[in-house]
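Notes follow once the structure below has been shown.
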Amino acid sequence: MIRLICQTKLTCIIARTSFLQCGFSSKAVCLTQQSRNHFDSPALDFDSYEYAKILQDCIENGEPRRGMGLHCEILKRGGCLDLFANNILLNMYVKLELLSDAHSLFEDMPELNTISFVTLIQGLLESQRFVEGINLFVRLHREGRELNGFVFTTLLKLLVRMGCAQLGWNLHASIYKLGHDANAFVATALIDAYSICGHIDIARHVFDSIIFKDMVSWTGMITCYAENDCFEDALELFYQMRMVGFKPNNFTFASVLKACLGLEALNTGQSIHAFVIKSQYEEDQFVGLALLDLYTKSGDIVDACRVFEEMPKTDVVPWSFMIARYAQKDQCDEAIGLFLQMRQALVSPNQFTCASVLQACATIENLFLGKQIHSHIIKVCLDSNVFVSNALMDVYAKCGEIDNSMKLFVESPNINNVTWNTMIVGYVQLGDGEKALTLFSSMLRFQVPATEVTYSSALRACASISALELGLQIHSLIVKTIYDKDIAVANAMIDMYSKCGGIRDARLVFDKLFERDEVSWNAMISGYSMHGLGVEALKVFEMMQKTRCKPNKLTFVGVLSACSNAGLLEQGQAYFNSMTQDYSIEPCIEHYTCMVGLFGRLGHLDKAMKLIEEIPFEPSVMVWRALLGACVIHNDVELGRKAAEQVLEMEPQDDATHVLLSNLYANAKRWNNVAFVRKSMKKKGVKKEPGLSWIENQGMVHYFSVGDNSHSDMKLIRGMLEWLNIKTWKAGYVPNCDAVLLQVEDDEKERLLWLHSERLALAFGLIRTTSGSPIRIIKNLRICIDCHAAIKSISKIVKRDIVVRDINRFHNFHDGICSCGDCW
DNA sequence: ATAGGGTTAG
């Protein structure tokens, strides 16, 4: 250490020069101040170069305040810095992001050069003040300053950051003319601009013209290939780069790993991983994320977890990444667990973390955690983020609190088309097709761009309320968009047409499909099944087996229900066995339910009961309800009562079961039992869901309930019913008064039968539609047995096709016959 | 002597 026993000014200057050279600028300043006090001589002031050195030192040591203090002192002393020192000072302000200071210094500088301009442009670029940056370049150009490579690299970066990478093309000619294209820095910036525009070949041309390629330019070209899906080229170039002797860095590794992911080359990725470890980049965040991306997308969760464990986790990004991946892969418990771990590690979640963990909450319907996160979101003001608020709406919708979703939807400051979709999907899943369609039409009115999600959900809504006319309108909208070719939309369309009674149109859409996935096949099979067209359903299933699409659980639900709805016993049994033997699909409760229904409706109640006993797990209400339905058809009171007891033990409030049981007793004329069931319903507070039938006419839906007087056309409807009563009676139809479960006189029962909701809807349809056209009615419950008989007769009398969709399936009445074959 | 190039999650 040199101590301050300064005898002369000369020794002082020598000492501080040594300090400066060794990087101890603060000591040099200190020494100077002391000696200045001692000798009181201006000769001891720093010169411009020395000031520059000190400022540089301040920047490098991260001591901005000292640098600023020095600048103040220089100004106070009336000192003057030269261009070189001023440029360093300018750079200091830029690095400190003190743009206004940098700007005023720039304007005050007596002399400027290209370096001054480039430095300030760089500062403007970093603080997103792009237009000012461009203006400064224009000034530089106009003043005829030197256009060196630095100018072009900075300018190219500016354009890329502005999102105007394609303008880089305009600079290329000047760059070429001035010979800067051989410069690795300029060329790499050009490669990046071309990469963003997808001009891979030009980028490669630029790369090839670099005389001295460095590691960054190799990496830039590799990244260009990786970003533009030329994964093989990326790996090939990586290989060449190593041959030439360059060591990859973290950027290189990140891009090469992306290429491995693109090629689904897990093995290559693993060897790159080993290379990463050898090069000691395993703690780098970008490399780590690329590895996580590769492993999670390849389904290698063990290696993904290992990489994650090794990564430094002070930053929110790796946490968010893993939580998002878990949530996307429906591993919601893992996502939530990781979120809790992250909180324990005192890392605070950002908008991405919140959106992902909320997605997980929505999937597993964890409203409790969802609400906790909601309050956190409000606390940290993330609720204005559209991704976060969309995810929140989804949580409330999936957890059955759609009113809360609606509240958020109305109040959110930022919404987009995904927000609309979330709400529409929410209502569709809740079964409220009308609300979903109302939202859909508002969305169109507000000109919010619809997506495949919008269209498929709107079609699902139509399917749920059987709104064929609306469905047709939406179809014609879709034809005008690019979503015409979307498979999910087409599948929803197949479903819509079949659920709205247009099974032929469903088939038409199905036949026109360019490619079909499992969902398409399943939709077509269940469509035929609903219409009782079992043979057609099985034909489609046979077709499916000839394709690469593998039948899944749902396919067999469709196939077996088709057999059940069409009463195809042998085929049903064969497919049930084949499912386990040939496809290794374990039968689940839905499959058993179909089989019980199949045995049951054909009168093999013993076989149905035997199958139930063979179920290797606890049979659900669905199975027992199917058995009960069969017992009602075949008047097996004892077994029916047993089935009903099972259902009511699990779901004491189930109204449909009470009604079926009461029907069963009424068929057997056991009025005491009927009364008992009624009484117990009253005691338990069980209310029969009111029967409702509806019919669509000229875009309007008309609803009818039993004995409904409210419709404006009621006089005409009454007249029509009176006429039908006489006509059907003459045609041999005898009212089945057992279908009326009240203990009243038969005259009264007959009168009540003619007021059933499906008949009111039918009469309205006959009045308001052109003769000969088909009539479509939807009912929210099972069609009544007597209405079924009456409508068969009516279809012959009025020579009309009448389609009734009840809760289970379609009944297609034509010339006195129903497609269900009287078994449903 | 002072200015410049390439990546991240929903």
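Residue numbers start from 1 in every chain, and the chains themselves are labelled A, B, ... in the order their sequence lines are given, proteins ahead of strands.
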Q: Examine the base of B:dA3 for any acceptor or donor lying under 3.5 Å from a partner atom in the side chain of A:N148, and report the outcome as yes or no.
A: yes
Q: Mind calculating the distance between CG (A:L125) and C1' (B:dG5) to the nearest angstrom?
A: 12 Å
(Q) So if I take residues 203-223 of chain A and measure heavy-atom distances to DNA chain B, which residues fall below 4.0 Å? (A) A:D214, A:V216, A:S217, A:T219
Q: Check every strand shown and say whether A:E227 touches a base, only sugar-phosphate, or nothing at a heavy-atom separation below 4.0 Å.
A: nothing
Q) Relative to the ring of A:W218, is the ring of A:F207 parallel (under 30°), tilted (30 to 60°) or perpendicular (over 60°)? A) perpendicular
Q | Sugar-phosphate only, base, or nothing, as touched by A:S255 at under 4.0 Å among non-hydrogen atoms | A | nothing
Q.
Between the base of B:dG6 and the ring of A:F251 - centre-to-centre under 5.5 Å, planes within under 30° - is that a stack?
A. yes
Q: Could you tell me the separation between the CG atom of A:D284 and the P atom of B:dG6, rounded to a whole number of Å?
A: 16 Å
**Q.** d(CG, A:N87; P, B:dA3) in whole Å
**A.** 9 Å
Q. Will you find, in the side chains of A:S195 and A:D192, an N or O donor that is under 3.5 Å from an N or O acceptor?
A. no
**Q.** Interface with DNA chain B, restricted to residues 177-201 of chain A and to heavy atoms under 4.0 Å
**A.** A:N183, A:A184, A:F185, A:V186, A:T188, A:D192
Q. Can you tell me if the side-chain N/O atoms of A:N91 get under 4.0 Å from OP1 or OP2 in B:dT2?
A. no
Q) So which of A:F253, A:Y295, A:Y281 actually passes ring-ring contact (aromatic ring centres under 6.0 Å, His included) with A:H273? A) A:Y295
Q: Write down the distance between CE (A:M109) and P (B:dA3), rounded to a whole number of angstrom.
A: 13 Å
(Q) Under 4.0 Å, counting only non-hydrogen atoms across every strand here, what does A:N249 touch: a base, just sugar-phosphate, or nothing? (A) base
Q) Is A:F321 touching bases, backbone alone, or none of the nucleic acid, heavy atoms closer than 4.0 Å? A) sugar-phosphate
Q. Are there more than 12 heavy atoms of other residues, nucleotides or ligands under 6.0 Å from atom CD of A:E236?
A. yes
Q) Between atom CZ in A:R161 and atom P in B:dG6, what is the gap in whole Å? A) 7 Å
Q | Near-ring test A:H103/A:Y93, centroid separation under 6.0 angstrom | A | no
Q.
If you count heavy atoms of other groups shown closer than 6.0 angstrom to NE2 of A:H376, is the number above 12?
A. yes
**Q.** Interatomic spacing from OG1 in A:T419 to CG in A:D394 - rounded to 0.5 Å
**A.** 11.0 Å
Q) What nucleic acid atoms does A:K258 come within less than 4.0 Å of, heavy atoms only: base, sugar-phosphate, or nothing? A) nothing
**Q.** Rounded distance in Å - CZ (A:F308) to P (B:dT8)
**A.** 20 Å
(Q) By nearest atom, which of the nucleotides B:dA3, B:dA9, B:dG4 is closest to the A:T153 side chain? (A) B:dG4
Q: Provide, to the nearest angstrom, the distance between the OH atom belonging to A:Y281 and the C1' atom belonging to B:dT7.
A: 13 Å
Q: Determine, for A:F231 and A:K258, whether the Lys NZ or Arg CZ falls below 6.0 Å from the six-membered ring centre while staying within 45 degrees of the axis.
A: no
(Q) Tell me whether the rings of A:H180 and A:F152 are parallel (<30°), tilted (30 to 60°) or perpendicular (>60°). (A) tilted
Q) If you look at every strand shown and take non-hydrogen atoms under 4.0 Å, does A:D293 touch a base, only sugar-phosphate, or nothing? A) nothing
Q | Atom CD of A:Q240 with >12 non-hydrogen neighbours under 6.0 angstrom | A | yes
(Q) Working to the nearest 0.5 angstrom, can you tell me the gap between A:L338 CG and A:F308 CZ? (A) 4.5 Å
Q: Would you mind telling me which of B:dA1, B:dG4, B:dA3 lies closest to the side-chain atoms of A:T119?
A: B:dA3
Q: For DNA chain B, find the residues of residues 344-353 of chain A with a heavy-atom distance under 4.0 Å and give them by number; none if there aren't any.
A: A:N350, A:F352
Q) For A:N228 and B:dT7, what is the distance between atoms CG and P respectively, to the nearest whole Å? A) 11 Å
(Q) Using a heavy-atom cut-off of 4.0 Å across all strands, would you classify A:N385 as base, sugar-phosphate, or nothing? (A) base
Q. Quick check: are there more than 12 heavy atoms from other residues, nucleotides or ligands sitting under 6.0 Å from OH of A:Y176?
A. no
Q. Between B:dG4, B:dT8, B:dT2, which nucleotide has the shortest distance from any of its atoms to the side chain of A:I115?
A. B:dT2
Q) Base, sugar-phosphate alone, or nothing: which one does A:A355 contact when heavy atoms must sit under 4.0 Å apart? A) nothing
Q | Any side-chain donor near an acceptor of the partner, A:N421 and A:N390, under 3.5 Å | A | no
